[in-house]
A.B. asks: 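This is the structure I have questions about; it appears just below.
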Amino acid sequence: MTSPDLPAAIRADVRAMRAYPVAKTTTGLIKLDAMENPFPLPHALQEELGQRLAKVAINRYPGQQTTALKKALATHYGAPASYGVVLGNGSDELITLLATAVLKTAPALMLEQARDGQPRNAPPSIILAPQPSFVMYQMAAQLLGLQFVGVPLKDDFQLDEDAMLQAIAQHRPELVFLAYPNNPTGTQWRTESMQRIIAAVGQNGGMAVVDEAYQPFSSATWLDQVKAHPADNAHVVVMRTMSKLGLAGVRLGYLFATQALADEIDKVRPPYNVSVLNAECALFALEHAATFAEQATTIRAERARIETDLAQHPQLKVYPSQGNMILVRCNGASEQAEQAHAAMLAQGVLVKNVSTMHPMLANCLRLTVGTPDENTAMLAALKSAL
Ligand SMILES: *Cc1c(COP(=O)(O)O)cnc(C)c1O
């Protein structure tokens with residue numbers, strides 16, 4: 001397996017990994033595989049953004065734009081006044097930063113031991129998340145050397161609250177990720193279950209991350225809980241991204257946390273992780289939030305149209321979604337989803353076959369909501385493929 005050109009230094013588990021699948025040649029395809037906003041920036045805004053970016057001081061390290069962006073995000077989304085913001089190069093980077101902030105390395109454990117004289121053995125720090133969920137939680141754990149505990153969802157993809165509480169009591173995880181709503185299932189968790197799980201995480205000294213990547217398409221945000229019950233949520237980080245809203249190419253993630261917690265997370269952040277161009281684009285998007293909100297409204301209406309349409313189909317089970325994607329399960333033979341994916345691709349429509357991502361996703365496809373025309377073409381391709 002080992003290539004003779006590869007230095008022996010590269011980790012065995014990295015060698016054994018498969019790279020994160022990024023679709024390469026998609027020109028000419030209707031691309032409904034990655035939860036991107038299908039609407040390009042309107043032409044007038046493209047021009048305006050071009051002029052704005054031309055004036056940015058690219059010879060200087062980021063500072064001014066990122067500071068302004070943090071302020072604008074807190075104001076625009078109504079973060080509590082006592083809260084801080086941390087920016088990431090996409091929320092993917094924030095996941096890595098959060099894991100880094102809780103990872104107890106050998107030197108860190110020695111320091112803790114020196115402080116109180118208590119011997120420390122070195123159990124790995126733990127990330128816990130329901131499964132199936134976003135794959136990057138597990139990937140960050142593996143790459144940084146944390147232990148990952150996955151707790152299966154129920155058959156309807158709701159949280160298994162009892163199993164979560166039991167796993168939290170048993171493993172006392174440092175970090176618990178709750179994608180709200182979940183990817184790839186689109187499920188929104190029940191508020192009361194979330195509250196009890198978040199309380200249990202806090203009682204064990206852990207942090208909970210409510211990952212709101214799909215907030216623009218969801219009817220709820222945990223920020224409302226944070227504001228209503230601040231003390232119960234002091235150990236909660238609300239993480240977002242501008243990717244699904246329409247800036248996937250810009251790479252801009254952010255999180256809200258108490259100022260004290262945000263300050264600690266910020267210490268492990270590479271100082272210039274968000275470029276002046278990312279930040280200026282994100283500022284621009286916030287100034288034109290109405291345009292993106294309108295697109296999100298269209299996407300939500302289209303989501304409802306697809307759900308209603310596919311719910312009639314005898315060969316499909318449609319799971320209710322609060323994201324800009326819909327998970328469907330094929331009721332036929334075990335390779336039906338794989339075959340449908342291939343047949344749709346042959347008709348120029350790219351969706352995501354998630355069948356092999358997790359046993360609970362067997363025979364499932366994840367359909368990103370596109371423009372009305374794209375969705376009509378997708379529905380026709382899917383039905384003919386079945
Ligand atoms: C897409 C996604 C992200 C990552 O978004 P980026 O900001 O583009 O890195 C994070 N969490 C969930 C649940 C996602 O689906």
Side-chain angles (χ1 to χ4, degrees), residues 20-23 31-38 66 69 73 77 85-100 127-141 143 148 150 153 157 159 175-189 194 208-218 220-222 236-256 265 269-270 273-275 277-279 281-282 285-286 292 296 299 303 319 321-327 351-352 354 357-358 361 364 366-369:
Y20 189 92
V22 173
K31 190 174 181 303
L32 303 175
D33 66 326
M35 282 79 79
E36 291 147 327
N37 176 344
T66 44
L69 177 58
L73 286 165
Y77 291 109
V85 183
V86 181
L87 300 181
N89 201 283
S91 49
D92 280 348
E93 187 190 36
L94 290 173
I95 294 167
T96 297
L97 297 184
L98 287 161
T100 306
I127 291 179
L128 183 146
Q131 281 208 306
S133 188
F134 190 44
V135 291
M136 291 306 292
Y137 309 145
Q138 186 165 7
M139 192 145 172
L143 288 177
F148 181 81
L153 293 168
F157 293 130
L159 285 173
L175 212 48
V176 173
F177 282 99
L178 297 164
Y180 185 75
N182 191 36
N183 173 13
T185 62
T187 326
Q188 190 74 294
W189 319 126
M194 289 269 288
V209 183
V210 180
D211 180 350
E212 298 195 336
Y214 299 96
Q215 178 270 333
F217 316 103
S218 164
T221 167
W222 203 254
V236 173
V237 167
V238 176
M239 184 171 77
R240 303 254 188 94
T241 174
M242 300 189 89
S243 292
K244 275 76 188 202
L245 182 67
L247 301 190
V250 169
R251 311 307 299 135
L252 202 289
Y254 56 99
L255 64 78
F256 297 126
I265 299 164
R269 182 181 60 81
N273 63 328
V274 169
S275 90
L277 299 175
N278 304 23
C281 280
L286 287 180
F292 293 93
I299 290 166
R303 176 182 71 199
Y319 294 91
S321 171
Q322 288 275 297
N324 62 341
M325 77 307 222
I326 297 165
L327 188 78
V351 298
K352 180 89 171 176
V354 295
M357 278 173 60
H358 189 274
L361 297 172
C364 284
R366 189 189 61 195
L367 317 168
T368 297
V369 180

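Read the numbers this way: they start at 1 and go in the same order the structure lists the ligands and their atoms.
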A.B. asks: Arg251: heavy atom below 4.0 Å from ligand 1, yes or no?
C.D. replies: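 True for this residue.
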A.B. asks: Quick test: of every protein heavy atom, which one is nearest to atom 5 (O) of ligand 1, and how far off is it to 0.1 Å?
C.D. replies: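 Nearest neighbour among protein heavy atoms for atom 5 (O) of ligand 1, to 0.1 Å: Ser91 OG, 3.2 Å.
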A.B. asks: Should you measure from each heavy atom of Ser243, which atoms of ligand 1 turn up under 4.0 Å away?
C.D. replies: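 So the answer, numbered in order with elements, is 6 (P), 7 (O), 8 (O).
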A.B. asks: Examine Arg240 relative to Phe256 and say whether NZ or CZ is less than 6.0 Å from the centre of the six-membered ring and inside a 45° cone about the ring axis.
C.D. replies: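 No cation-pi geometry.
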A.B. asks: Taking heavy atoms and a distance under 4.0 Å, where does Lys244 meet ligand 1: side chain, backbone, both or neither?
C.D. replies: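 Only the side chain of Lys244 comes within reach of ligand 1.
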A.B. asks: Have a look at ligand 1 and work out which part of Asp211, if any, has a heavy atom under 4.0 Å from it: side chain, backbone, both or neither.
C.D. replies: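 Just the side chain.
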A.B. asks: Kindly identify the option in Tyr214, Phe134, Tyr254 whose heavy atom sits closest to atom 15 (O) of ligand 1.
C.D. replies: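 Going through Tyr214, Phe134, Tyr254 one by one, Tyr214 has the nearest heavy atom to atom 15 (O) of ligand 1.
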A.B. asks: Check Lys31 with Glu36, please: is the shortest side-chain N to carboxylate O separation under 4.0 Å?
C.D. replies: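 A salt bridge is present here (some side-chain N lies under 4.0 Å from a carboxylate O).
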A.B. asks: Which of these passes side-chain contact (heavy atoms from CB on, under 4.5 Å) with Arg251: Leu277, Asn89, Val274?
C.D. replies: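 In the set Leu277, Asn89, Val274, the residue that makes a side-chain contact (heavy atoms from CB on, under 4.5 Å) with Arg251 is Asn89.
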A.B. asks: Using every non-hydrogen atom in the two residues, find where Asn273 and Leu87 come nearest and quote the distance to one decimal.
C.D. replies: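 Heavy atoms of Asn273 and Leu87 come nearest at ND2-O, 3.0 Å.
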A.B. asks: Kindly state whether the ring of Trp222 and the ring of Tyr180 have centres lying under 6.0 angstrom apart.
C.D. replies: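 Yes.
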A.B. asks: For residues Ser133 and Ala179, report the shortest heavy-atom separation together with the two atoms involved.
C.D. replies: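 Closest heavy-atom pair between Ser133 and Ala179: OG-CB, 3.9 Å.
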A.B. asks: Only heavy atoms of Gly90, strictly under 4.0 Å: list the atoms of ligand 1 that pass.
C.D. replies: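 So the atoms of ligand 1 that pass are 7 (O), 9 (O).
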